[in-house]
Structure formats: structure tokens, C-alpha cells
Peer 1: 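This is the structure, below, for whatever I ask next.
Just so we're on the same page: letters track the sequence lines, and every chain starts at 1. Both backbone and side-chain heavy atoms feed into the values below; hydrogens, waters and symmetry mates do not.
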Amino acid sequence: MHLNPEQKKAAEQIEGRVLVLAGAGSGKTRVIIQRMLYMIQIKNIAPTAILGLTFTNKAAKEMQERLKKELGKPADQVFLSTFHSFCVSVLRADICRLGYTKKFSLYDEKDIQRLVKNIVKELALETTLSTQEILQDMQESRTKGKNPSSPEVKQVVDRLFLALRAYNALDFDHLLEMTCQLFEMHPAVLEKYQDRFRYISIDEYQDTNPVQFRLAELLAKKHRNLFVVGDDDQSIYGFRGADMQNILRFSYDRLIKLEQNYRSIPHILDAANQLIDKNQDRHKKTLWCDKKDTSKISIFHAPSEEKEAEAIVERLLRLITQRGYAFKDIGILYRSNILARTIEKALLSARYWKKGALHQGIPYEVFGGLSFSERAEIKDLSAYLKALVNPNDQESLLRIINVPRKGISAPTLDTLTKKARQTGVSLYSLFTHIDQEEISSRGKNGIKSFVSLFEETKQRLQNKPYFPTLSWFLEEIDYKRAIEEEVKSEKMQRFKWENVEAFLASLEAFEQDHPDQGLEDFISASSLTKTPLHRKQDEDTVKLMTFHSAKGLEFTACFLLGLEDHILPHEKSQEEKNYEEERRLFYVGITRAKQYLCLSMAKERAKMGKKVRCNPSRFLFELPKNSLSIESHQL
DNA sequence: TAAATCCGCCTTTTT
DNA sequence: GGCGGATTTA
């Protein structure tokens with residue numbers, strides 16, 4: 001692997017605090033991999049002393065694979081994972097010091113929302129804040145590591161934490177918070193990790209929030225070897241608590257800028273550079289390349305969103321027929337998911353010739369929407385497992401106690417949960433002595449049959465493998481029939497059942513790959529990743545996704561659509577006068593393209609069922625005219 | 001308890 | 001315009 005001089009500097013700077021500002025397409029993953037190789041092969045550093053933190057599973061997996069290709073088996077000893085998975089493994093070992101047990105459950109945002117809703121209802125707060133606003137305030141105060149803005153919200157947060165503790169459950173933010181707490185309250189534990197991971201690197205550092213910052217600083221405090229890579233110009237997760245100041249004010253011993261771009265042609269880079277230069281709050285850098293292709297960026301204005309979509313499809317087909325591109329070389333990107341609708345329709349009805357035959361429908365995949373672990377049936381299955389592993393997990397228990405339906409009504413459950421809270425007894429232990437409760441006999445019978453099956457399943461789960469027990473359990477509760485009764489369309493039933501099978505298959509695969517790990521490890525691994533654990537190959541399809549999900553990817557050809565004021569910058573961002581992040585978002589979109597980039601907008605667009613007139617995005621006027629080729633929407 | 005209707009939402013969302 | 005969640009109704 002050849003490195004340019006700047007990349008080489010970065011790869012060979014092993015000691016101290018190093019900040020690498022890596023522009024889009026500047027080969028930063030290559031640098032991280034080379035650096036690890038250099039440490040292990042040249043500097044004789046033990047692979048186990050290296051920790052690499054990333055934000056996505058995809059990035060972690062890619063790094064592990066690339067490292068393995070170069071290094072072989074020792075690559076497995078390098079600890080490469082997401083912040084969250086790293087925290088899970090720390091907490092599994094030592095969370096007992098914080099009053100939890102290692103079989104804790106993980107709650108996702110939806111679970112927390114439900115829980116908070118109930119808490120708000122129960123507290124009957126005298127406040128004008130909606131549950132939504134409370135959630136938002138809570139979220140913000142937590143990621144920023146400060147106090148909520150009102151006493152009511154504080155009350156809700158306190159209550160939420162009490163509930164989570166009683167249920168032996170954590171949410172995603174908690175994983176980070178608790179790990180920090182553990183390290184701060186138990187220096188010996190921290191020191192164990194400091195001494196093990198003497199060399200730490202963090203990817204996409206511009207996306208760290210204050211808690212992640214704290215965590216990284218704690219880990220690196222003793223040996224001071226912290227290597228962070230990022231691009232402040234690509235910080236687009238501010239709305240989730242990411243704090244750009246972390247990268248802008250990182251105190252470094254050495255700063256290295258990677259500005260040579262290996263991805264895009266000159267006009268695309270010119271446009272990107274000139275656009276982002278309008279931002280004030282940034283480390284100044286300018287991307288350059290040595291490519292000679294002088295093609296310009298296409299741009300057109302269509303009379304309607306339908307016409308815009310058709311015009312994109314037409315251009316897309318030209319790329320295929322005239323330039324020999326494959327579908328998978330093409331990305332269609334937009335600000336928000338709703339914008340996918342119109343373009344999908346146009347892709348479905350497109351007709352084209354391929355290998356002498358007339359085809360209808362361009363193959364495509366839409367990214368985003370409900371991820372695997374968020375689908376109702378998958379949430380049911382993991383709720384079963386969570387409750388089996390951790391019977392204190394009241395939320396999971398409530399989710400599945402009446403699935404499939406067995407006559408346990410909401411009021412019955414309300415009575416029981418209230419009693420559980422007041423007496424400090426877990427809901428499940430009330431279930432096991434249900435005869436003593438005053439509830440309907442139908443409810444009693446339902447709960448009794450649930451408890452006996454549950455107990456038997458727990459017995460069977462004492463022994464590995466778990467997979468046959470789960471299959472047996474699903475047969476027992478006749479989950480397939482429950483799905484069939486729940487949803488009408490046959491297509492949907494099939495889809496859901498396939499998901500169930502995929503989940504079972506992933507349990508089986510996990511057990512084979514990790515024979516020494518427990519069921520709780522499988523559950524957290526599967527709730528920390530969006531896709532089922534085994535993934536299909538990259539198919540030859542056009543990819544549709546938001547600017548946000550496109551970060552880190554590249555396409556030979558890119559279409560950015562809906563570039564209208566109110567969409568980009570989004571109207572809700574305008575209220576906060578926060579244009580800079582929106583500009584970065586556009587920058588991320590532009591820099592995804594290697595050879596061909598097409599920008600488009602429509603004069604009118606449906607908004608909540610009504611057509612409204614739209615103006616071109618103000619950002620378009622910031623691009624160099626010389627780099628644009630203004631076209632009619634009709635070719 | 002389950003079906004029917006009504007209401008309010010609608011930016012992005014690595015984990 | 002379309003979806004999920006909550007509330008009302010049978």
C-alpha cells in the first residue's frame with residue numbers, strides 16, 4: 001500500500017496526541033490500517049494493546065477485515081469496535097459495582113419513549129410540555145452531559161433512571177454514561193483498561209458527543225497515546241449531540257492534514273471547496289487531486305417533482321448505455337426520506353433496453369426506514385429473550401406477556417405494575433403468585449400458562465445451544481399463527497415470518513462463532529446492529545439514501561435531488577439559524593461523487609398533501625458557476 | 001377484548 | 001396523504 005507523505009507522517013506518528021484532519025476521500029481508513037500495521041510489524045507493539053473505536057458496526061467490521069487481509073490472524077487480537085459495543089464489554093465485566101447485574105437488558109429509543117410516556121402519565125405533571133418535548137429536552141441534556149432545562153423534566157429523568165435500575169436495563173446513552181461513571185468511581189478498573197489499551201484511535205472524531213469525549217480522555221489519560229481522525233466539515237450529527245468543538249479544540253501534540261483527494265474529479269472538488277469555505281467555524285483545508293477529467297457538474301430545474309424524477313431516470317439510463325456504468329455505481333441522495341417516493345415511482349416505471357431485451361423497472365434499494373432490529377416481530381423476539389435472561393426487565397415482559405393474545409387486558413396489567421412499583425416487588429414475581437391477586441380469572445389463566453411455559457423455557461436455556469430452545473419456544477406459543485392473525489396481507493405475513501427466520505438463523509450463527517458467549521451477548525450484539533448479523537452481497541442496484549446515510553460511501557455517479565430552500569437547508573434548521581451544519585450536509589453529498597454529479601430541484605412539490613412552490617437552495621448560489629453545466633430538464 | 005375511528009405527527013438518526 | 005398510537009365504541 002502506497003502512502004503520500006502526509007499519510008505516511010500520520011501512519012508513523014505512534015506516540016502522543018495526534019489529530020488527523022482527513023478531508024473527504026483522502027484515504028483515511030487506509031492510514032488507520034497502515035498505522036496499525038506499522039505499530040505491530042515495525043514497532044513490535046502487541047495487537048492486544050491497540051484499541052480502535054468507530055461509530056458504526058460497518059466501519060469496525062471493514063477495518064477488521066482490511067487489517068486481517070494484511071496481517072492475518074493476529075488482526076483478531078486488535079480490539080476494533082463501536083463505542084457502544086466497547087462499553088457493553090466493559091460493563092459486562094464490572095457493572096456489578098454500580099448495582100446492576102451483568103445480565104442487564106438494552107433498551108432502544110422506542111422502549112425509552114414508551115417508558116417515559118408512562119412515567120409522564122403517572123406523575124401527572126403540571127406542565128405544558130408535551131411528552132415529545134420532554135423527551136427532546138431529556139435527550140439533549142443527557143448527550144451534552146448537563147442538567148435538564150426544567151424541574152419537571154428533571155423529575156421525569158430521575159424517575160426513568162430509577163425504573164431502569166429496577167428493571168436492570170440500560171439504554172444506548174446509558175452504556176456510555178455508566179462506563180464513564182464506572183471509570184470515574186473505580187480508578188482501579190479504569191487503570192486496567194488504560195494499561196491494556198495503550199494505543200487508542202478514534203475514527204469520525206467530529207461526531208463524538210461530550211460523553212464519548214470524556215470516555216476517550218479517561219482511557220487515554222495515563223499513556224497519552226490518542227490518535228483521532230475526522231473531518232470537521234463532515235460533522236452532520238449535531239442534532240444528536242455530536243459536538244464539533246471536540247475536534248476544533250482537540251489539544252494535540254501533532255496536527256496532520258490530509259487534503260489530497262483520491263475520489264473525485266476537479267470540478268466536483270472545486271464546488272465542494274468553494275461551498276464549504278463559506279462556513280466560519282472550521283479548520284481551513286482545501287481538497288485537491290491530480291485527475292485530468294474536466295467534466296462539469298450537471299444541474300437542472302424541473303417544473304415538478306415528477307418531471308425531476310423522470311429527468312434523473314433519463315440521465316441515469318444514459319450513464320448506463322453510453323458510459324457503461326452499472327446500476328450499483330449510481331447513488332441517488334436526498335435530504336429526507338419522504339423524497340424517495342417520487343423517484344421510486346419513476347424507477348419502477350422506467351423502460352429500457354438491455355442486452356437486446358426491453359426491461360421495465362430499474363433495480364434499486366432504499367436505505368433507511370425501519371431497520372431489522374426495529375421491526376415489530378424482531379422486537380417481540382428479543383423482548384422474549386431479554387425477559388428470559390433478565391426477569392426484572394418489566395418493559396420486555398409487558399411487551400410480550402399478551403403476545404400472542406391470551407386475554408390479559410391493559411387494566412389488569414396496570415393494576416399489577418402499580419402494585420409492583422408500590423411494593424418494590426418485581427412484576428414477574430407477582431406473575432408467579434398470581435392466585436393472590438384480585439384480577440379477572442381470564443387474566444389469571446393467561447398469566448399462569450405464560451409463567452409455566454416461561455419457566456420451562458428458562459430451564460431449557462440453562463443448556464447450550466440456545467437455538468433449538470428458541471425454535472421450540474416459538475412453536476409452543478405458535479408465533480407464526482400470531483403473525484397471521486395480526487396482519488391481513490399475505491405478503492406482509494410472509495415478510496414478517498422471513499424476519500423471524502432470519503433472527504433464528506442469526507442466533508444459530510452467533511452461537512457457532514462465539515461458543516464461549518452467553519445469550520445476553522447475543523441479545524446486545526443484535527440490538528446494537530441495524531442489519532441481521534449475516535448480510536447479503538452487494539447487488540447490482542441503484543442505491544437510494546439520505547445525505548446522512550451516504551456519509552463514508554462513494555459512487556461513480558451521484559444525483560442529489562430536491563435542492564430547494566426549506567428542504568436544504570431544512571426549514572427547521574433555519575429557525576435555529578444553523579445553516580452551517582446544513583451546508584456541511586450538502587458538502588457531504590457533493591463529495592460522494594467520483595466522476596459524475598447531477599444536482600436538481602423542482603419548481604413545485606407536494607407538502608402534506610398540498611402542492612407548494614419551491615425556490616432553489618441558497619447553497620446553489622455559492623457554487624462556482626464555472627464548475628456547473630446548466631441543463632434543461634429535458635435532454 | 002377487539003374493532004373502529006379519530007388524532008396528530010411529518011428532518012436527519014451511526015448506536 | 002399516510003401511518004402509528006390513543007381513544008371510543010360495540
Side-chain angles (χ1 to χ4, degrees), chain A residues 53-62 81-88 106-110 112-114 117-118 121 130-132 136 139 143 170-177 179 203-209 211-212 234-242 333-342 367-371 373-374 376 402 405-413 440 442-443 446 485-486 488 524-531 545-553 562 566-576 578 581-582 584-586 588-589 606-611:
Chain A
L53 294 175
T54 63
F55 281 82
T56 63
N57 292 295
K58 207 176 140 211
K61 210 176 138 195
E62 191 194 330
S81 87
T82 62
F83 269 96
H84 291 84
S85 306
F86 172 75
C87 291
V88 168
L106 257 183
Y107 285 180
D108 69 16
E109 249 146 290
K110 279 270 163 62
I112 296 294
Q113 258 177 42
R114 230 175 71 149
K117 224 174 259 178
N118 287 334
K121 207 158 109 192
S130 67
T131 309
Q132 204 55 41
Q136 220 161 14
Q139 175 77 14
T143 47
L170 303 172
D171 70 4
F172 290 166
D173 289 334
H174 246 100
L175 288 174
L176 305 168
E177 287 162 6
T179 308
D203 191 15
E204 306 279 13
Y205 189 72
Q206 76 281 357
D207 291 329
T208 45
N209 67 32
V211 187
Q212 287 160 330
Q234 293 186 68
S235 162
I236 54 174
Y237 284 99
F239 69 95
R240 291 209 74 164
L333 315 181
Y334 34 78
R335 174 67 231 254
S336 31
N337 280 314
I338 333 172
L339 296 170
R341 295 259 169 96
T342 325
F367 289 73
L370 271 196
S371 70
S373 53
E374 286 162 352
N402 204 29
R405 298 185 191 287
K406 40 182 142 336
I408 307 166
S409 71
T412 302
L413 290 173
S440 73
R442 190 139 66 129
E485 283 169 4
E486 205 66 24
K488 285 162 231 143
S524 51
S526 72
S527 24
L528 284 173
T529 116
K530 299 210 118 188
T531 43
M545 65 185 82
T546 61
F547 295 139
H548 282 93
S549 11
K551 200 179 69 169
L553 304 180
H566 299 287
I567 295 181
L568 184 83
H570 197 272
E571 51 190 341
K572 297 218 172 159
S573 307
Q574 297 191 7
E575 283 165 23
E576 292 162 42
N578 189 5
E581 180 148 322
E582 296 287 305
R584 290 194 290 271
L585 202 46
F586 190 23
V588 167
K607 197 181 168 190
M608 294 185 214
K610 276 215 157 74
K611 284 217 188 310

Peer 1: Provide, to the nearest angstrom, the distance between the CD atom belonging to A/Glu177 and the P atom belonging to B/dT15.
Peer 2: 19 Å

Peer 1: Whole angstroms only, please: what is the CD-C1' distance between A/Glu571 and B/dT12?
Peer 2: 14 Å

Peer 1: Nearest to the side chain of A/Arg335, heavy atoms from C-beta on, is which of B/dT11, B/dT13, C/dG5?
Peer 2: B/dT11

Peer 1: Send over the distance from A/Leu568 CG to B/dT12 C1', rounded to a whole Å.
Peer 2: 11 Å

Peer 1: With nearest nucleotides of DNA chain B determined for A/Glu581 and A/Ser440 from heavy-atom distances, which residue corresponds to the more 5′ nucleotide?
Peer 2: A/Ser440

Peer 1: Rounded off to whole Å, could you give me the CD-to-C1' distance for the A/Glu582 and B/dT13 pair?
Peer 2: 14 Å

Peer 1: From the list B/dT11, B/dT12, C/dG2, which nucleotide is the closest neighbour of the side chain of A/His570?
Peer 2: B/dT11

Peer 1: Rounding to an integer number of Å, can you tell me how far A/Ile338 CD1 sits from B/dT12 P?
Peer 2: 6 Å

Peer 1: Please give, in whole Å, the distance from B/dT13 P to A/Tyr334 OH?
Peer 2: 9 Å

Peer 1: Anti or syn, where syn is a glycosidic angle within 90° of 0; which label fits B/dT12?
Peer 2: anti

Peer 1: Under 4.0 Å: is that the gap between some side-chain N or O of A/Thr546 and OP1 or OP2 of B/dT11?
Peer 2: no

Peer 1: Could you tell me whether A/Asn57 contacts a base, only the sugar-phosphate backbone, or nothing, with contacts defined as non-hydrogen atoms closer than 4.0 Å?
Peer 2: sugar-phosphate

Peer 1: With a 4.0 Å cut-off on N to O distance, would you call A/Asp207 and A/Lys551 a salt bridge?
Peer 2: yes

Peer 1: Could you give the NZ-to-C1' distance, from A/Lys110 to C/dC3, as a whole number of Å?
Peer 2: 11 Å

Peer 1: Reading DNA chain B from 5' onward, which residue's closest nucleotide shows up sooner: A/Ile408 or A/His548?
Peer 2: A/Ile408

Peer 1: Nearest to the side chain of A/Phe239, which nucleotide is it out of B/dT15, B/dT13, B/dT11?
Peer 2: B/dT13

Peer 1: In terms of side-chain heavy atoms of A/Lys117, which of C/dG5, B/dT13, B/dT15 is nearest?
Peer 2: C/dG5

Peer 1: Check every atom of B/dT15, C/dA6, B/dT12 against the side chain of A/Asn337 and return the nucleotide holding the closest atom.
Peer 2: B/dT12

Peer 1: Around atom CZ of A/Arg341, are there more than 12 heavy atoms from other residues, nucleotides or ligands closer than 6.0 Å?
Peer 2: no

Peer 1: Test A/Phe367 against A/His548 for ring-ring contact (aromatic ring centres under 6.0 Å, His included), laying out the working first.
Peer 2: CA-CA 11 Å; A/Phe367 289 73; A/His548 282 93; over 10 Å; no

Peer 1: State whether A/Glu571 and A/Arg335 are salt-bridged, where the test is any N-O pair (Lys NZ or Arg NE/NH1/NH2 against Asp/Glu carboxylate O) under 4.0 Å.
Peer 2: no

Peer 1: Side-chain donor or acceptor of A/Arg240 under 3.5 Å from a matching atom on the base of B/dT12?
Peer 2: no

Peer 1: Testing the basics here: between A/Asn57 and A/Leu528, what is the closest heavy-atom pair and its distance to 0.1 Å?
Peer 2: ND2-O, 2.8 Å

Peer 1: In whole angstrom, what separates A/Leu528's CG from B/dT15's P?
Peer 2: 8 Å

Peer 1: For A/Glu204, report the nucleic acid contact type (base, sugar-phosphate, nothing); a contact means any heavy atom under 4.0 Å.
Peer 2: nothing

Peer 1: Contact class for A/Tyr237 vs. all strands (heavy atom < 4.0 Å): base, sugar-phosphate, or nothing?
Peer 2: base

Peer 1: Phosphate oxygens OP1/OP2 of B/dT13: is one of them under 4.0 Å from a side-chain N or O of A/Ser549?
Peer 2: yes

Peer 1: Over 60° means perpendicular and under 30° means parallel, so tell me whether A/Phe55 and A/Phe83 are parallel, tilted or perpendicular.
Peer 2: tilted

